[in-house]
Amino acid sequence: MRVCMMESPVDLAPQGATWEGIADRIGELAPDLLITSEMPFGPWLAATSTYDAARAAESLRIHEAGLEALAALNVPAIVSSRPVPAGKRLANEAYALEGGRYTRLHHKQYFPQEPGYFEATWFEPAMEGFEVFEVGGIRVGVQLCTELMFNERSRRYGRDGAELIVAPRASSASTRRWLTAGAMAALVSGCYVISSNRAGRALDGQVFGGCAFAFQPDGEPLATSTDGEAIVAVDVDPRKSRAQQLQYPCYVRE
């Protein structure tokens, strides 16, 4: 199957010339599955250290509009994330769109709390766990951004039968450790690991590092985005993941 990963421009709107260019390129690549960055639309909420109900409501609105824009791409399956109400704060909800059908996959569990990423202020999960779902004909586990740093979750996904780990991100300019995390997640799980990220400098000066990447089930690099190609397609074969999960170190008992 063909999977698209991408760098999402900061403050992306689900309409207008920038979005139309993205939609056209995705149409040219004709993927079976598209993976977006983490909460790809509008300003990055966690840039500020104080929860703002009005900003939260606007992010809910723009991501709701984003659902329609993503569905209009006519890609068979899409994995993305968006904010949803959760008590007095928000939850960061990963979801799948397939033929217009919305499936809730995962709520982000682990939150940084530092300049540019005051996520613990803004978010809390309203859904526990790290479950495996079939999306577009492949078994998928989700690790949202920071969660990719937790190899025990990647390994568990492999043990639970995942063939692909998707990791939507909104991470900073430093990309080396994210590439390391992606390679290790693949190595310990025997899964393909594919991650999309925000890219560029926001109005408040915060920089997102781009660098969408894909790793093979043995931890070897498959592809990365570049300055000249922000949307990249890769071919994945679930049989390779299942075969790798019989190899070292995946077979080692804990």
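The first residue of the sequence shown is numbered 1, and numbering continues consecutively from there. Everything numeric in this text was worked out from a predicted model, so none of it was measured.
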Look at the side chain of Gln245 and the backbone N and O of Ser189, then say whether any donor-acceptor pair between them is shorter than 3.5 Å.
yes
Among the clusters formed by ILVMFWY side chains lying less than 4.5 Å apart, do Phe118 and Val207 turn up in the same one?
no
Are Ile78 and Tyr95 joined in one hydrophobic group, where the rule is that I, L, V, M, F, W and Y side chains link up if heavy atoms are under 4.5 Å apart?
yes
Kindly work out whether a path of hydrophobic side-chain contacts (I/L/V/M/F/W/Y, heavy atoms less than 4.5 Å apart) joins Val3 to Ile26.
no
Begin with the C-alpha distance, continue with both residues' side-chain angles, and end with the deciding distance and a verdict on side-chain hydrogen bond (donor to acceptor under 3.5 Å, both in side chains) for Asn197 and Ser37.
CA-CA 4 Å; Asn197 192 22; Ser37 64; over 6 Å; no
Between Phe150 and Tyr110, how do the two ring planes meet: parallel, tilted or perpendicular, split at 30° and 60°?
tilted
Any non-hydrogen side-chain atom of Phe130 less than 4.5 Å from a side-chain atom of Gln109?
yes
Can we say Arg55 and Glu58 salt-bridge, meaning some charged N sits less than 4.0 Å from an Asp/Glu carboxylate O?
no
Test your reading of the model: is there a side-chain donor-acceptor pair from Glu147 to the backbone of Leu144, 3.5 Å cut-off?
yes
Counting N and O atoms only, with roles assigned by atom type, does the side chain of Trp122 sit under 3.5 Å from a partner on the main chain of Ala47, one being a donor and the other an acceptor?
no
Can you check whether Val142's main-chain N or O pairs, donor with acceptor, with Tyr157's side chain at less than 3.5 Å?
yes
Side-chain heavy atoms under 4.5 angstrom apart, residues restricted to Ile, Leu, Val, Met, Phe, Trp, Tyr: same cluster for Ile194 and Leu105?
yes
What heavy-atom pair brings Glu38 and Cys145 nearest, and what distance separates the two atoms?
OE1-CB, 3.3 Å
Spell out, yes or no, whether Ile35 and Leu222 are grouped together once hydrophobic residues are joined by side-chain heavy atoms under 4.5 Å, including indirect joins.
yes
Given the ring of Trp178, does Arg169 sit roughly above its face, with NZ or CZ under 6.0 Å from the centre of the six-membered ring and within 45° of the axis?
yes
Is it true that Glu64 and Arg61 have a side-chain N and a carboxylate O under 4.0 angstrom from each other?
no
Any donor-acceptor pair under 3.5 Å linking the side chain of Ser8 with the backbone of Arg198?
no
